[in-house]
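Heavy atoms only: backbone and side chains are in, while hydrogens, waters and symmetry mates are out.
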Amino acid sequence: MPGSRAVVALAAALTVAAGLTACEPTGQPTEDANTAELQDQLAAVPGVTQSRVRHSPGDYEYLSIDLELGAGTHALATAPVIEVTQDLVEGSEYRDTELMVSLRWGEDDQDLRMYAHGPSAMLSALSNETRAMAVLEQHGFEETTLSVSDTAVDAQYRRSIDVGLGPGTPGRALNRVREAVATQLPDAQQETDLSVRYYGEYDPDRPTDTRSLRVPAAAPDEIVALADAYLRQPVPVGWAGATDVHVSVSGSGADVAGWYISVDVTVAPESLWSTPEGDLESHAGDDVVMDVGHHAARTVVPTVADMFLDLRLESADGYVDVAGFYSADCAAAWEDGSGRSRALWRTWVEAGGRPDDGATATECPDA
């Protein structure tokens with residue numbers, strides 16, 4: 001799969017959405033009499049088939065609770081489990097400890113997960129979200145994750161939803177699924193991030209496509225439309241190969257200028273799939289590679305919002321960074337001695353992109 005080791009731009013901002021903390025604990029997760037007692041209590045909760053409790057001390061202290069639920073569990077049936085979990089935690093010595101709680105259930109063809117990150121009050125939020133999870137469950141997505149955290153700015157909590165679709169899903173489906181999910185959420189008052197993705201079937205003899213789209217529910221229509229248009233056609237017509245494409249929208253407020261769109265694309269041309277990793281750099285500027293970058297630069301042109309673009313080349317043996325730019329900082333593109341980043345910048349500006357601080361298609365005052 002192309003881009004399997006590629007880092008999605010600003011991925012650190014997504015770790016909370018996955019029910020994880022971006023901070024490294026200073027102490028290793030430990031087991032003791034207190035965690036063992038809580039673990040046994042949770043294992044006895046109806047519907048729980050397996051529990052695991054660990055305490056991580058230190059500057060970033062937290063308590064992790066992982067619960068496996070029985071086959072045939074439905075989302076609404078998780079509410080009593082969550083409520084009992086909250087009662088047990090608040091009745092323990094960990095009542096004031098940061099929590100990372102996960103619940104997992106599902107069948108062979110459907111993986112369902114819920115996470116809570118933050119103080120014990122986040123378990124009340126997670127219980128409230130069982131109604132939204134019930135809606136998601138009915139769609140039958142291959143993977144569905146709903147998480148809550150105390151990182152919201154203008155709401156009680158932040159809700160993050162990640163949906164995994166089956167192999168072969170067309171790129172145009174990602175935004176359709178995102179829109180459908182957004183309109184069906186029972187509680188629209190919380191800050192909401194929506195992610196939709198799919199992975200192609202792995203084949204060691206050929207590259208396969210991967211797509212992902214992350215868009216907050218409050219994102220301006222203009223930015224969402226750009227992301228949708230690009231994902232419908234992320235490569236030039238007739239291009240042969242596979243791409244690993246991640247599109248992320250971030251920002252806040254009603255002003256489009258307060259938002260940005262990030263495009264992270266790794267290309268695996270069929271003609272270069274068998275190239276050794278050590279030889280990839282010599283092919284980074286090939287037309288078959290740069291054509292995909294230029295296509296992205298021409299397609300994703302916000303009128304006001306900022307843009308990130310990162311392009312990589314991958315073969316079955318490894319990958320290499322090719323080029324990229326950030327629309328608010330032309331100097332980074334000019335510092336690329338290969339000239340490839342500047343070429344993408346030029347394409348973006350000529351397509352209507354509006355750089356900051358007096359930069360043009362050919363000039364960068366900050367360089």
(request) Find out whether Asn34 and Ser92 are in side-chain contact, i.e. whether some heavy atom of one side chain is under 4.5 Å from a heavy atom of the other. (result) no

(request) Return yes if a side-chain donor-acceptor contact under 3.5 Å exists between Thr35 and His55, otherwise no. (result) no

(message) Applying ring-ring contact (aromatic ring centres under 6.0 Å, His included), can you list everything that pairs with Tyr326, at least two apart in sequence or on another chain?
(response) Phe308

(message) Run the side chain to side chain contact (heavy atoms under 4.5 Å, CB included) test on Leu63 and Ile65 for me, step by step, so that the C-alpha distance in whole Å, both residues' side-chain angles and the decisive distance to 0.1 Å come before the verdict.
(response) CA-CA 7 Å; Leu63 183 75; Ile65 298 174; 4.1 Å; yes

(request) Measure the spacing between OG1 of Thr347 and CG of Leu309 and express it to the nearest 0.5 Å. (result) 10.0 Å

(request) Locate the shortest heavy-atom distance separating Trp259 from Ala218; write the atom from each residue and the value. (result) CZ2-O, 3.6 Å

(message) Is it the case that the side chains of Thr303 and Glu222 hold a donor-acceptor pair, with the cut-off being a distance below 3.5 Å and no angle test?
(response) yes

(message) Checking side-chain polar atoms at under 3.5 Å, does Tyr157 have a donor or acceptor matched by the opposite partner on Asn128?
(response) yes

(request) Check the side chains of Trp334 and Glu363 for a donor-acceptor pair under 3.5 angstrom, ignoring hydrogens and angles. (result) no

(message) How long is the straight-line distance from CG of Leu313 back to CG of Asp286, given to the nearest 0.5 Å?
(response) 8.0 Å

(message) With a 4.5 Å cut-off on side-chain heavy atoms, are Val245 and Leu231 touching?
(response) yes

(request) Verify, without hydrogens or angle tests, whether Gln39 (side chain) and Val53 (backbone) share a donor-acceptor contact under 3.5 angstrom. (result) yes

(request) Kindly say whether Ser195 contributes a backbone atom to a donor-acceptor pair with the side chain of Asp162 at under 3.5 angstrom? (result) no

(message) Just so I know, are the side chains of Ile261 and Val247 near enough to count as touching, which here means a heavy-atom distance under 4.5 Å?
(response) yes

(message) Can you tell me how far apart OG (Ser51) and CG (Leu103) are? Round to the nearest 0.5 Å.
(response) 11.0 Å

(request) Would you check if Thr275 and His283 make a side-chain contact, meaning some heavy-atom pair closer than 4.5 Å? (result) yes

(request) Indicate whether the side chain of Arg214 and that of Ser250 have a donor and an acceptor atom separated by less than 3.5 Å. (result) yes

(request) Could you tell me whether a side-chain N or O of Thr130 sits under 3.5 Å from a main-chain N or O of Leu126, the two making a donor and an acceptor? (result) no

(request) Mind listing the closest non-hydrogen atom pair of Val288 and Val292 along with its distance? (result) O-CG2, 3.9 Å

(message) For Ala305 versus Ile223, what's the shortest heavy-atom pair and its separation?
(response) CB-CD1, 3.5 Å

(request) First locate atom SG of Cys364, then atom CZ of Phe325, and finally report the distance between them rounded to the nearest 0.5 Å. (result) 12.5 Å

(request) Please determine if Arg340 and Asp336 form a salt bridge, counting it only when a charged side-chain N lies under 4.0 Å from a carboxylate O. (result) no

(message) Test your reading of the model: is there a side-chain donor-acceptor pair from Gln110 to the backbone of Glu137, 3.5 Å cut-off?
(response) yes

(message) So Glu129 and Arg159, do their side chains get closer than 4.5 Å, heavy atoms only?
(response) yes

(request) Check whether any side-chain heavy atom of Ser160 lies under 4.5 Å from a side-chain heavy atom of Ser147, and answer yes or no. (result) yes

(request) For Tyr115 and Thr145, run side chain to side chain contact (heavy atoms under 4.5 Å, CB included): C-alpha distance rounded to whole Å, both residues' side-chain angles, the deciding distance at 0.1 Å, then the answer. (result) CA-CA 8 Å; Tyr115 293 94; Thr145 299; 3.4 Å; yes

(request) Ignoring hydrogens and angles, tell me if any N or O in the side chain of Trp105 forms a donor-acceptor pair with the backbone of Asp111 under 3.5 Å. (result) no

(message) Once salt bridge (charged side-chain N to carboxylate O under 4.0 Å, His left out) is applied, what residue pairs with a partner in residues 86-102 remain, sequence neighbours excluded?
(response) none

(message) Test of understanding: with ring-ring contact (aromatic ring centres under 6.0 Å, His included), list the residues that count as partners of His139, not counting sequence neighbours.
(response) Phe141

(message) Checking the side chain of Gln233 only, and the main-chain atoms of Val235 only, is there a donor and an acceptor separated by less than 3.5 Å?
(response) yes

(request) In sequence, state the C-alpha distance, the side-chain angles, and the governing distance for Asp310 and Val265, and then conclude on side chain to side chain contact (heavy atoms under 4.5 Å, CB included). (result) CA-CA 6 Å; Asp310 284 298; Val265 54; over 6 Å; no

(request) Begin with the C-alpha distance, continue with both residues' side-chain angles, and end with the deciding distance and a verdict on side chain to side chain contact (heavy atoms under 4.5 Å, CB included) for Thr78 and Thr73. (result) CA-CA 8 Å; Thr78 65; Thr73 297; 4.0 Å; yes

(request) Would you please say whether a donor-acceptor pair under 3.5 Å links the side chains of Gln86 and Ser124? (result) yes

(message) Looking at every heavy atom in both Ala323 and Leu344, which two are closest together, and how far apart are they?
(response) CB-CD1, 3.7 Å

(request) State whether the side chain of Thr299 and the backbone N or O of Tyr230 hold a donor-acceptor pair below 3.5 Å, judged by distance alone. (result) no

(request) Compare every heavy atom of Met133 with every heavy atom of Leu146, then report the nearest pair and how far apart it is. (result) CB-SD, 3.8 Å

(request) Determine whether more than 12 heavy atoms belonging to other residues, nucleotides or ligands lie under 6.0 Å from atom CG of Asp221. (result) no

(request) Please determine, by modelled atom types, if Thr49 and Glu68 share a side-chain donor-acceptor pair under 3.5 angstrom. (result) no

(request) May I ask you to test the Thr85-Ile82 pair for a side-chain heavy-atom distance under 4.5 Å? (result) no

(message) Using every non-hydrogen atom in the two residues, find where Val289 and Ala284 come nearest and quote the distance to one decimal.
(response) CG1-O, 3.5 Å

(request) Taking only Lys NZ, Arg NE, NH1 and NH2, and the carboxylate oxygens of Asp or Glu, determine whether Arg312 and Asp264 approach each other closer than 4.0 Å. (result) yes

(message) Would Arg197 and Glu143 count as a salt bridge (charged side-chain N to carboxylate O under 4.0 Å, His left out) here? Give the steps.
(response) CA-CA 10 Å; Arg197 57 188 165 75; Glu143 299 177 7; 2.8 Å; yes

(message) So Leu280 and Ser315, do their side chains get closer than 4.5 Å, heavy atoms only?
(response) yes

(request) Without swapping roles, check the side chain of Trp348 against the backbone of Val300 for a donor-acceptor pair under 3.5 Å. (result) yes

(message) Does either side chain, that of Ser64 or that of Arg54, offer a donor lying less than 3.5 Å from an acceptor on the other one?
(response) no

Could you give the side-chain donor-acceptor pairs of residues 163-183 under 3.5 Å, partners two or more places apart or in another chain?
unit_1, atom_1, unit_2, atom_2, d
Thr169, OG1, Gly166, O, 2.5
Asn175, OD1, Arg178, NE, 2.7
Asn175, OD1, Arg178, NH2, 3.3
Asn175, ND2, Glu179, OE2, 3.4
Thr183, OG1, Glu179, O, 3.2
Thr183, OG1, Ala180, O, 2.9

(message) Let me confirm one number: the CE-CD1 distance from Met114 to Ile161, rounded to the nearest 0.5 Å.
(response) 9.5 Å

(request) Applying side chain to side chain contact (heavy atoms under 4.5 Å, CB included), name anything that partners Ala351, two or more places apart in sequence or on another chain. (result) Arg298, Val301

(message) Between Thr192 and Gln190 (side chain of the first, backbone of the second, donor and acceptor by atom type, cut-off under 3.5 Å), is there such a pair?
(response) yes

(message) Side chains of His294 and Asp291 only: does a donor on one sit below 3.5 Å from an acceptor on the other?
(response) no

(message) Nearest 0.5 Å, please: how far is CG in Asp306 from CG in Asp356?
(response) 5.5 Å

(message) Please enumerate all residues that pass salt bridge (charged side-chain N to carboxylate O under 4.0 Å, His left out) together with Asp329, with sequence neighbours excluded.
(response) none

